[in-house]
Amino acid sequence: MPNKKPTKVRTRFAPSPTGDPHIGSIWTALFNWLYAKHHHGNFILRIEDTDQTRLRPGAENKIIEALRWFQINYDEGPDIGGPYGPYRQSERLILYKDYADRLVTSEDAYYCFCAPERLQKLRLEQEKTKKPVGYDGHCRSLNAQESFKRVQSGELSIIRLKIPKIGETTVNDLIRGRVHFKNAVIDDQVLLKSDGWPTYHLASVVDDHLMNIDPVIRAEEWLPSTPKQLIMYKALGWTPPRFAHLPLILGRDRSKLSKRHGSTDILKFRDDGYLPGAIINYLALLGWNPKTSKEFFTREELIDKFDLNTVNKSGAIFDNQKLDWFNAHYLKSLPTLEIIRLAKPYLEQVGAKNLTDNQLEQISLLVAERAKKFSEVPDIVGFLFRQPDYEAKLLNWKTTNPAVTLQKLKRLIKLLESCPESDFSETNLEDIIKTVINEEKLGVGETLWPLRVALTGLKESPGPFITASILGKTKTLSRITQAIKKLS
RNA sequence: GGCGCCAUCGUCUAGUCUGGCCCAGGACACCACGCUUUCAAUGUGGGAACACGGGUUCGAAUCCCGUUGGCGCUACCA
């Protein structure tokens, strides 16, 4: 097992496979990855599956899937291996047990036999009397020999860290500077549970050390537990890594982003037709700034510019509107074929099939211009694939008399009937229709508005020329005919 | 309750270390106007913030102290 001082940056993303990959955890992964790559170091995926009760089948795969989608590529991980494996804590149990035993032997930890019921009662009482809640040290000064015998005889026990009663522990955080904690108020943390599995604190300390992780970059919620871990490093005779505690990603109400703020499943964003590059761009700018007014960054630029000393200390609200704005920009800059490819599943939703390349290309234009994300495709182009359904009076431009509208539509249908199918391109249609409008003084709004409504059935819609072009001659004529019927 | 973190427009932020160039800049959102056959896109413009109170200083968003507020942690969860 490698056990020397890290010579290069190694960061890790250490999620628990207990649910869907969360926006906040992907954000943490992103910063870890950016930092590692900026420093030409390694980024490691480690699965923290030590809570058997909260495990969710498939969760690990989803995490990996999300990382892949974002191309936040890890250099070592459970599925690809690496020199510091295994990378799943459930496969490292013996290690944790061993180090816990070592801590007991050195009397930096002790066996505790307190039943969960006793602990619960204790806490309830502490809460009622408004005393600081925490373990009361009931088993702390038990005779070590005696305790060992009890364990040998099969009595249920856990192992707790023996936090010094005096002094203070200082966390020197890369983002926050020095943070001091009085040891007296730190709880005797559980290290090994009665089922023999480690808690987060033991497992992460052991793994971060054994895997040569440095720095540890994680969310601010871990700051209060860092002194406990520092004490553990000291007891084990290890040099602790550097720590950086990132601000929290917040919901609208400024509390930690969670399910009650709506879905936090990052794969849901993929299913909603967001682009991974846009999300990364947006996420990178949350809690960090590149010291320029530039807004758009490629992954390479992000890696190049990223640093921990320009990370903010305060939490940042996740703002879907700005994400949408980023996504719209990324979507617009996509090549036509890529737009078509990504829009396809959504086109199928509205029953669009057998479209010609030409049609697809024009649809991609509409999508690029109007969609913030691909899930909006059905709303944007759906009218092309269903019979328009609207009130007849919608056909009239402003206060135009229906009889006049009828006249215009009749003129249009005559014009288009004489136009060969092959000339049904957007530019050509615009050309011939506008020419007639001008020559016969038909009025732009009075003519084009009814045409638009006839073709789309909508008050808000793309222009009539591109619509007619996509629809083709037959459908265009039939929709105008239908409008004329409505007015007659 | 205890411990800790944080504090600039509604939101993301620049400016804070190294006080004056800041009666505070940018972006999203919002509003108005322009373009226009609607919407969208786009262009132009607008409203919008240094949490509060004391210091220090010729001068404070920036330094110091206090207050308030928000958040996090306080499990045999992570």
Side-chain angles (χ1 to χ4, degrees), chain A residues 14-18 25 48-51 53-54 112 114-116 119-120 123 126-135 156-160 171 173 175-176 179-182 184-187 189-201 203-204 218-227 245 247-248 250 252-256 282 285-289 291-295 309 312-326 328 332 366 368-372 380 394 397-398 437 443-453 456 458-465:
Chain A
S16 304
T18 54
S25 58
E48 308 221 324
D49 53 350
T50 55
D51 185 350
T53 61
R54 295 200 313 153
C112 171
C114 294
L119 265 18
Q120 201 185 359
R123 185 166 41 243
Q126 286 165 335
E127 275 168 11
K128 218 178 354 184
T129 54
K130 304 213 163 175
K131 294 246 176 62
V133 291
Y135 185 59
L156 223 51
S157 68
I158 59 174
I159 293 177
R160 283 183 188 274
V171 178
D173 190 271
I175 293 170
R176 285 152 216 284
V179 184
H180 307 279
F181 297 86
K182 288 196 173 49
V185 299
I186 302 175
D187 210 6
Q189 190 62 50
V190 175
L191 263 27
L192 209 66
K193 304 181 240 181
S194 57
D195 62 3
W197 289 62
T199 60
Y200 170 84
H201 304 281
S204 75
R218 57 182 10 174
E220 189 195 329
E221 55 195 326
W222 294 107
L223 187 55
S225 68
T226 310
H245 288 92
L248 257 20
L250 276 20
R252 275 255 148 247
D253 62 354
R254 302 213 77 93
S255 68
K256 192 165 77 169
Y282 170 69
L285 263 25
L286 260 196
W288 172 74
N289 80 85
K291 301 288 173 195
T292 71
S293 57
K294 200 175 128 159
E295 299 254 32
N309 51 32
N312 286 120
K313 295 186 189 75
S314 50
I317 293 178
F318 182 84
D319 179 11
N320 233 308
Q321 279 184 316
K322 189 144 191 183
L323 204 212
D324 279 357
W325 177 78
F326 269 107
K332 275 185 221 310
L366 293 184
E369 192 176 74
R370 316 176 86 86
K372 292 194 175 74
I380 290 168
L394 186 62
W397 169 239
K398 292 186 176 169
I437 289 174
V444 175
E446 285 191 337
T447 313
L448 293 182
W449 177 256
L451 177 60
R452 162 199 307 286
V453 174
T456 66
L458 301 169
K459 202 158 63 183
E460 297 165 4
S461 61
F465 309 119

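Throughout, protein chains are lettered first and strands after them, A, B, ... in sequence-line order, and every chain is numbered starting at 1.
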Closest approach to the side chain of A:Glu460, judged atom by atom: which nucleotide of B:rA41, B:rG72, B:rU38 is it?
B:rU38

Are the side chain of A:Thr456 and the backbone of A:Leu458 linked by a donor-acceptor contact shorter than 3.5 Å?
yes

Taking the P atom of each, how far is B:rC5 from B:rG10, in whole Å?
27 Å

Specify the separation, in whole Å, of atom CZ of A:Phe326 and atom C1' of B:rA27.
8 Å

Which is true for A:Gly463 with a 4.0 Å heavy-atom rule: it touches a base, it touches only sugar-phosphate, or it touches nothing?
base

A:Asp195 atom CG is separated from B:rC76 atom P, nearest whole Å, by 12 Å

Using atom P in both nucleotides, what's the gap between B:rC52 and B:rU11 to the nearest angstrom?
15 Å

Donor-acceptor pair, A:Gln126 side chain versus A:Gly134 backbone, under 3.5 Å?
yes

Mate of B:rU16 across any strand shown (Watson-Crick or G-U wobble, both atom pairs under 3.5 Å) is none

Which whole number of Å gives the distance between the P atom of B:rA48 and that of B:rG54?
25 Å

In whole Å, I'd like the distance from the CZ atom of A:Arg218 to the C1' atom of B:rC73.
12 Å

Work out how far the P atom of B:rG26 is from that of B:rA49, and round it to whole angstrom.
14 Å

In terms of side-chain heavy atoms of A:Trp325, which of B:rA27, B:rU13, B:rU11 is nearest?
B:rA27

Surrounding NZ of A:Lys294 (heavy atoms of other residues, nucleotides or ligands, distance under 6.0 Å), is the total greater than 12?
yes

A:Val133 side chain: which of B:rU13, B:rC12, B:rU74 is closest?
B:rU74

Complement of B:rU37, any strand, by Watson-Crick or G-U distances under 3.5 angstrom:
none

What nucleotide among B:rC77, B:rC3, B:rU38 has an atom nearest to a side-chain atom of A:Val185?
B:rC3

Looking at every strand, decide which applies to A:Leu285 at a 4.0 Å heavy-atom threshold: base, sugar-phosphate, or nothing.
sugar-phosphate

With nearest nucleotide decided by heavy atoms, which residue, A:Leu448 or A:Val179, maps closer to the 5′ end of RNA chain B?
A:Val179

Heavy atoms under 4.0 Å, any strand shown: does A:Gln321 hit a base, just sugar-phosphate, or nothing?
sugar-phosphate

Working to the nearest 0.5 angstrom, can you tell me the gap between A:Gln321 CD and A:Asp319 CG?
5.5 Å

Between A:Arg254 and B:rU11, does any side-chain N or O lie under 4.0 Å from OP1 or OP2?
yes

Between CG of A:Asp173 and P of B:rG4 the distance, given in whole Å, is 15 Å

For B:rU13, does OP1 or OP2 lie under 4.0 Å from any side-chain N or O of A:Lys291?
no

Between A:Arg452 and A:Phe318, which has a closest nucleotide on RNA chain B that is more 5'?
A:Phe318

With a non-hydrogen cut-off below 4.0 angstrom, is A:His180 in contact with a base, only sugar-phosphate, or nothing?
sugar-phosphate

Watson-Crick or G-U wobble mate for B:rU11, both contacts under 3.5 Å
B:rA27

Within less than 4.0 Å of OP1 or OP2 of B:rC73, is there a side-chain N or O belonging to A:Lys256?
yes

When all nucleic acid strands are considered with a 4.0 Å heavy-atom cut-off, which category describes A:Trp197: base, sugar-phosphate, or nothing?
nothing

Tell me whether the rings of A:Trp222 and A:His201 are parallel (<30°), tilted (30 to 60°) or perpendicular (>60°).
perpendicular

Rounded to whole Å, please give me the gap between NZ in A:Lys322 and P in B:rC12.
10 Å

C1' atom, B:rA29 versus B:rG15: distance in rounded Å?
23 Å

Exam field: side chain A:Thr199 to backbone A:Val190, donor-acceptor pair closer than 3.5 Å
yes

Take A:Thr226 and A:Phe181, measure what side-chain contact (heavy atoms from CB on, under 4.5 Å) needs, and give me the verdict at the end.
CA-CA 10 Å; A:Thr226 310; A:Phe181 297 86; 5.8 Å; no

Checking contacts here: which listed nucleotide (B:rG26, B:rA40, B:rA78) is nearest the side-chain heavy atoms of A:Thr50?
B:rA78

Length of the CG-P vector between A:Leu191 and B:rC77, whole Å:
12 Å

Among B:rC77, B:rA14, B:rC3, which nucleotide sits nearest the side chain of A:Phe181?
B:rC3

Given B:rC77, is OP1 or OP2 found less than 4.0 Å from the side-chain N or O atoms of A:Lys193?
yes

Nucleotide opposite B:rA32 in a Watson-Crick or G-U pair, distances under 3.5 Å
B:rU44

Now, which nucleotide makes the Watson-Crick or G-U wobble pair with B:rG72, with each of the two distances under 3.5 Å?
B:rC3

In this structure, how many angstroms lie between the P atom of B:rC3 and the NZ atom of A:Lys131, rounded?
15 Å

Say you pick atom P in B:rU13 and the same atom in B:rA32; how far apart are they, in whole Å?
29 Å

Can you tell me how far C1' in B:rG25 sits from the matching atom in B:rU8, rounded to whole Å?
11 Å

Checking contacts here: which listed nucleotide (B:rA78, B:rG1, B:rC6) is nearest the side-chain heavy atoms of A:Lys130?
B:rG1

Starting at CD of A:Glu460, measure out to CZ of A:Arg452 and round the result to the nearest 0.5 Å.
10.0 Å

Compare the minimum distances between each of B:rU13, B:rC5, B:rG72 and the side chain of A:Asn312, then state the nucleotide with the smallest one.
B:rU13

Got a donor-acceptor pair under 3.5 Å from the side chain of A:Ser314 to the base of B:rC6?
no

Give one of base, sugar-phosphate or nothing for A:Ser461, where a contact means two heavy atoms less than 4.0 Å apart.
base

Of the listed nucleotides (B:rA78, B:rC3, B:rA27), which one gets closest to any side-chain atom of A:Tyr200?
B:rA78

Selection from B:rC6, B:rC77, B:rA27 that lies nearest to any side-chain heavy atom of A:Lys313:
B:rC6

B:rC17 and B:rA61, which share atom name P, separated by this distance in whole Å:
12 Å

If every non-hydrogen atom of A:Lys193 is compared with every non-hydrogen atom of A:Pro198, which pair is closest and at what distance?
CE-O, 3.1 Å

If you compare every side-chain N and O of A:Arg252 against the phosphate oxygens of B:rC12 (OP1, OP2), does one of them come in below 4.0 Å?
no

Can you tell me if the side-chain N/O atoms of A:Trp449 get under 4.0 Å from OP1 or OP2 in B:rU37?
no

Pair partner, B:rU67 [Watson-Crick or wobble, under 3.5 Å]
B:rA51

Less than 3.5 Å apart, any donor N or O on the side chain of A:Ser255 or A:Asp253 sitting next to an acceptor on the other?
yes

Tell me what A:Pro464 touches on the nucleic acid: a base, only sugar-phosphate, or nothing, going by heavy atoms under 4.0 Å.
base

If I take atom CH2 in residue A:Trp288 and atom C1' in nucleotide B:rA14, what distance separates them, rounded to the nearest angstrom?
14 Å

